[in-house]
Protein chains: 2
Amino acid sequence: MGGTDKKKTIDTVARKAGVSVSTVSRVMNNPEMVKEDKRLRVLKVMEELEYSPSPLARGLATDSLGLIGIIVPNITNQANARIVYAAMDRLEKKGMGVMLFDAREDLERELTIYRTLPKKMIDGVIVIFGNGEEEDYTRLAEDLPLVLAGPPAVGIPVDQLSSNEGQGFQNLVQYFYEMGHRDIAFLYGSDKTKGGVRRKNLFKRTMEDFGLKAPGHHLLNCPWTLEGGYEGAARLLKQGELPGAVISSSDQIAIGAMRRFQEYGLHIPSDISVAGFDNSPMARFVTPSLTSLDFPHSRMGEEAAELIIRRIQNRKKTPARIILPLEVVSRESTAPPEKHSG
Amino acid sequence: MGGTDKKKTIDTVARKAGVSVSTVSRVMNNPEMVKEDKRLRVLKVMEELEYSPSPLARGLATDSLGLIGIIVPNITNQANARIVYAAMDRLEKKGMGVMLFDAREDLERELTIYRTLPKKMIDGVIVIFGNGEEEDYTRLAEDLPLVLAGPPAVGIPVDQLSSNEGQGFQNLVQYFYEMGHRDIAFLYGSDKTKGGVRRKNLFKRTMEDFGLKAPGHHLLNCPWTLEGGYEGAARLLKQGELPGAVISSSDQIAIGAMRRFQEYGLHIPSDISVAGFDNSPMARFVTPSLTSLDFPHSRMGEEAAELIIRRIQNRKKTPARIILPLEVVSRESTAPPEKHSG
DNA sequence: TTGAAAGCGCTAACAC
DNA sequence: GTGTTAGCGCTTTCAA
């Protein structure tokens, strides 16, 4: 009943300040166009009224709400979360908000998100580790500014941000090679993800470059989770002959695998070496601590934010393609193979 | 130059279907009010035109964009992420989008978010593990529907969702007590968080209920991170006398602490037992696997979503207060104390 | 430098 | 049932 909580619009402010709504609007958007005293007066009234403009009305008029959509496979995955975290920070500094979409590791769902994305509501979209086809992204990019962070969808004219996986595998295999390992298995992730399939091939090729074999039974597909790694390792154990080392497509997979090996009675790294991928915060703290390929999540998030902002500002600049390095971080989970006489 | 990509509005549809805009609007919002044949005709035209309404325009007219704000301390924290994940799923099913805000573990920042929240843009807000004061939330709740998920801010008339920490500590201390432990330390989290301080007191009280002491040097504050646990454990080690068991306010803290103990040469659980809090996915896979208090993150996220939706529908229903159970999940990291003769 | 007024695209009375 | 029209709150010409 106080009557003080009526809704304040730009009109309320204009009236109380004795100016027109356009002046108030200018004070907010082009202050230099308004004469000092009037400007201050308006500002004061806005203060008193605790006025804040409606993003909706402004958005309708300017065709921009200042929102960026971010699509992730699964926000509970730390790697995803770290990228989002970094991107949000940058976006916030530019005054942009973030609308989050989670595909829940489901391709159907992911494609549905692409299709039903509220395109009129967001100014652009960042897709993290997307699993769509090139055409999906080509189509998306027609509708709104798009940045692809994750595996490159080579060939399409879209801002892309990826890690140098070729170099990464090169480094990792070399690391093991120099340690004396020749028999290396790979838990490459899920066959249902582009990243997984891509890494499987990349690994195979890299092994060949080193003159090593990567037989099919040493290439194991598994979900990108702790359980996935656990089960992948279990399958490996059932095969009998063990490789001297196991690489995994994520630290989660590696940690799951380590657990299985340990339960089996194996000692890491003397019986078997294990390496991860991500260099997640956990890697340093598990026992044994996990050798991993350092993935620049923060950097990727930041760059993605920068790219989308630039793309929004200039929709026809030529697409960027940023490639970030991957470097081996050596820890306790890897060691030269023991020379078993068998 | 094709001319096919002009922007389609409700008017375009109306014209092409030979009806008025209100009919088109009705087809979208109150289809039962439109005669079958007209309805189908409009639907067909919408299809052909690939028309999708502008959420902005609709929002401006209805005063609702269908967006829920979610504020978290840190999305890279799995516990946060799991709650968000679950909430998003529920919200999506109700046709709501999510705008994410990250306080970056910083109280200042958190309060700034409360203050600068685009209240006109979102229909409601879910605060997860908030660290604000009651008055902050009282104020927020005046402006828009609010749900508090995390430590209860008892006393204010706002929908609240918390875990039964009293019962949880009861269970956990009893678990250790029955195992024969009398000396229990607690890495309670950060003094700068409400949750941490609250748990410290709760733990102390619970210990007393069991006739046990919780001396100051066994109550250690530390950041809610792996590093935090590591450093907390280091401080404990420096004290000399070790407790038989250590409880931690999160699995992250516990894992960090375990790492420190192991580096120190201690064997877990025979030298010292460690328990976590959260029962995160990691708990099963670290070595030794971690005894933990199971926290219903998914449940909390889902309930939070339900609550905010109900609150939006009826802003004056009496506030709900849901309390979720915490149960001990026993694993390898805990065991009866060894009977050292010293 | 300022104000008047025409949108932005949709919803919801209100009238027919 | 359906159409007309007045908003929703802001930006942005266009004139003055």
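- For Lys38(B) and dT2(D), the shortest distance from a side-chain N or O to OP1 or OP2 is below 4.0 Å.
- At the phosphate of dG3(D), OP1 or OP2 sits under 4.0 Å from a side-chain N or O atom of Thr23(B).
- Separating the CE atom of Met46(A) from the P atom of dG9(D) is a distance of 17 Å, rounded to the nearest angstrom.
- Both the sub-6.0 Å distance and the 45° axial angle are not jointly satisfied by Arg109(B) relative to the ring of Phe101(B).
- When rounded to the nearest whole Å, the span between CE of Met33(A) and C1' of dT11(D) equals 12 Å.
- Taking a cutoff of 4.0 Å between a charged side-chain nitrogen and a carboxylate oxygen, Arg41(A) and Asp37(A) do not qualify as a salt bridge.
- Separating the CZ atom of Arg15(B) from the C1' atom of dG3(D) is a distance of 14 Å, rounded to the nearest angstrom.
- The minimum heavy-atom distance between Arg315(B) and Leu144(B), with the atom names listed, is NH2-CA, 3.6 Å.
- Atom CD1 of Ile75(A) is separated from atom CD of Gln78(A) by 10.5 Å, given to the nearest 0.5 angstrom.
- Following rounding to the nearest Å, Asp37(A) (CG) and dT2(C) (P) show an atom-to-atom distance of 7 Å.
- In the model, Ser64(B) has no side-chain atom that pairs as donor or acceptor with a side-chain atom of Thr62(B) under 3.5 Å.
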Nucleotide by nucleotide, nucleotides 5-12 of chain C touches protein heavy atoms under 4.0 Å in the pattern (B base, S sugar-phosphate only, - none) --BBBBSB
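- Between the side chain of Thr112(A) and the backbone N or O of Glu108(A) there is at least one donor-acceptor pair closer than 3.5 Å.
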